[in-house]
Novice: 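Encoded as structure tokens, here's the structure I'll be asking about.
Quick note: numbers below take in every heavy atom, side chains included, and nothing from hydrogens, waters or symmetry partners.
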Amino acid sequence: MSNLPPQLRYTESHSWVIFEDDVLLVGITDYAQNALGDIVFVESPEDGMHYQQGQQIGMIESVKTGSDIYAPVTGKVVDVNEALINSPELINEDPYSAWIYKILPASKVEIEQLLTAKDYLNLINKN
């Protein structure tokens with residue numbers, strides 16, 4: 001079973017988010033990092049760019065495969081985690097500390113529609 005902190009919200013594309021100081025920190029879930037295996041590269045979104053909910057925003061490559069990262073909400077990227085450039089394995093070590101980027105949401109409505117930990121657990125148990 002994957003580790004699912006209850007205070008986070010989740011997407012069907014296996015990202016987690018947490019609201020902090022008016023922005024959302026975004027990363028990938030423990031389930032996703034386990035499925036990918038050893039992560040070797042993270043392509044972060046461009047700082048300052050505006051993205052629509054569900055739009056491809058970056059990519060993660062592992063020794064097994066590559067996986068796209070999608071924007072959990074519509075908004076503007078306000079910061080990227082530079083530590084992942086040289087140490088992408090930080091996601092494998094602690095996926096809920098290794099945020100990938102921060103996004104300033106355009107609306108709180110999309111945040112409220114994200115999955116709870118219970119909803120996300122039901123989703124991954126179907127797979």
Side-chain angles (χ1 to χ4, degrees):
M1 175 183 270
S2 293
N3 177 17
L4 295 175
Q7 71 276 22
L8 303 179
R9 298 298 283 243
Y10 300 89
T11 70
E12 292 183 4
S13 59
H14 308 292
S15 292
W16 60 262
V17 305
I18 189 165
F19 208 43
E20 183 179 286
D21 298 329
D22 295 330
V23 298
L24 289 177
L25 277 67
V26 184
I28 67 165
T29 65
D30 186 43
Y31 174 82
Q33 71 83 22
N34 272 321
L36 287 168
D38 294 335
I39 295 172
V40 296
F41 178 75
V42 177
E43 178 187 294
S44 298
E46 286 189 49
D47 193 358
M49 292 293 293
H50 186 85
Y51 294 92
Q52 295 294 315
Q53 184 180 39
Q55 183 179 2
Q56 182 184 352
I57 196 167
M59 181 176 205
I60 292 181
E61 290 182 14
S62 71
V63 293
K64 292 181 185 176
T65 187
S67 181
D68 294 331
I69 303 170
Y70 300 97
V73 296
T74 300
K76 178 182 172 184
V77 172
V78 294
D79 196 6
V80 296
N81 189 347
E82 301 286 340
L84 297 178
I85 294 170
N86 294 322
S87 302
E89 70 278 3
L90 293 172
I91 293 173
N92 293 117
E93 294 171 9
D94 188 354
Y96 299 114
S97 293
W99 56 273
I100 299 170
Y101 60 94
K102 296 178 181 180
I103 189 166
L104 179 63
S107 164
K108 291 187 178 181
V109 173
E110 292 175 340
I111 298 168
E112 294 167 2
Q113 296 171 342
L114 296 173
L115 303 173
T116 64
K118 181 180 177 183
D119 295 336
Y120 183 69
L121 180 61
N122 289 335
L123 175 77
I124 60 178
N125 283 337
K126 289 180 184 174
N127 296 331

Novice: Heavy atoms only: give me the nearest E110-Q53 pair and the separation to one decimal.
Specialist: OE2-OE1, 3.3 Å
Novice: Any chance you could measure W16, atom CH2, to L115, atom CG, to the nearest 0.5 Å?
Specialist: 15.5 Å
Novice: Going by heavy atoms in the side chains, are I69 and S67 under 4.5 Å from each other?
Specialist: no
Novice: In Å, rounded to the nearest 0.5 Å, how long is the span from CD of E43 to CD1 of I57?
Specialist: 10.5 Å
Novice: How many angstroms lie between OH in Y10 and CD1 in I28, if you round to the nearest 0.5 Å?
Specialist: 13.0 Å
Novice: D47 and V78: which non-hydrogen atoms are nearest, and at how many Å?
Specialist: OD1-C, 3.1 Å
Novice: Can L84 be reached from I39 by stepping across I, L, V, M, F, W or Y side chains whose heavy atoms are under 4.5 Å apart?
Specialist: yes
Novice: Looking at CD of Q55 and CG of D68, how far apart are the two atoms once the value is rounded to the nearest 0.5 Å?
Specialist: 11.5 Å
Novice: So which atom in P72 and which in L114 form the shortest heavy-atom distance, rounded to 0.1 Å?
Specialist: O-CD2, 3.7 Å
Novice: Just wondering, do T116 and R9 contact through their side chains at under 4.5 Å, heavy atoms?
Specialist: yes
Novice: Distance-only, no hydrogens or angles: does the N92 side chain make a donor-acceptor pair with backbone N or O of G37 under 3.5 Å?
Specialist: yes
Novice: Assigning hydrophobic clusters by single linkage (Ile, Leu, Val, Met, Phe, Trp, Tyr; side-chain heavy-atom cutoff under 4.5 Å), is V42 placed with Y31?
Specialist: no
Novice: Counting N and O atoms only, with roles assigned by atom type, does the side chain of Y96 sit under 3.5 Å from a partner on the main chain of D30, one being a donor and the other an acceptor?
Specialist: yes
Novice: Cluster question for you: counting only ILVMFWY and a side-chain heavy-atom cut-off of under 4.5 Å, with indirect links fine, are W99 and F19 together?
Specialist: no
Novice: How about Q56: does its CD atom have over 12 heavy atoms from other parts shown lying under 6.0 Å from it?
Specialist: yes
Novice: Kindly give the heavy-atom pair with the smallest separation between P6 and A117, and that separation in Å.
Specialist: CA-CB, 4.0 Å
Novice: Describe, in one word, how the ring planes of Y120 and H14 are oriented to each other, choosing from parallel (under 30°), tilted (30 to 60°) and perpendicular (over 60°).
Specialist: perpendicular
Novice: Kindly compute the distance separating CG (L24) from CG (L104), expressed to the nearest 0.5 Å.
Specialist: 8.5 Å
Novice: With a sphere of 6.0 Å drawn around CD of E46, does it hold more than 12 non-hydrogen atoms of other residues, nucleotides or ligands?
Specialist: no
Novice: Can a donor-acceptor pair be found, under 3.5 Å and without considering hydrogens, that links the side chain of Q52 to the backbone of T74?
Specialist: no
Novice: Give, for atom CG of D119 and atom CG of L4, the distance between the pair rounded to the nearest 0.5 Å.
Specialist: 11.0 Å
Novice: Under 3.5 Å, is there a donor on one side chain and an acceptor on the other for Y70 and T11?
Specialist: no
Novice: Would a single hydrophobic cluster contain both Y101 and L90, if residues Ile, Leu, Val, Met, Phe, Trp and Tyr are joined by side-chain heavy-atom contacts under 4.5 Å?
Specialist: yes
Novice: Is it true that I91 and L36 fall in one hydrophobic cluster, defined by side-chain heavy atoms closer than 4.5 Å?
Specialist: yes
Novice: Just one of I60, V80, N81, V26 clears the side-chain contact (heavy atoms from CB on, under 4.5 Å) bar with I100, so which one?
Specialist: I60
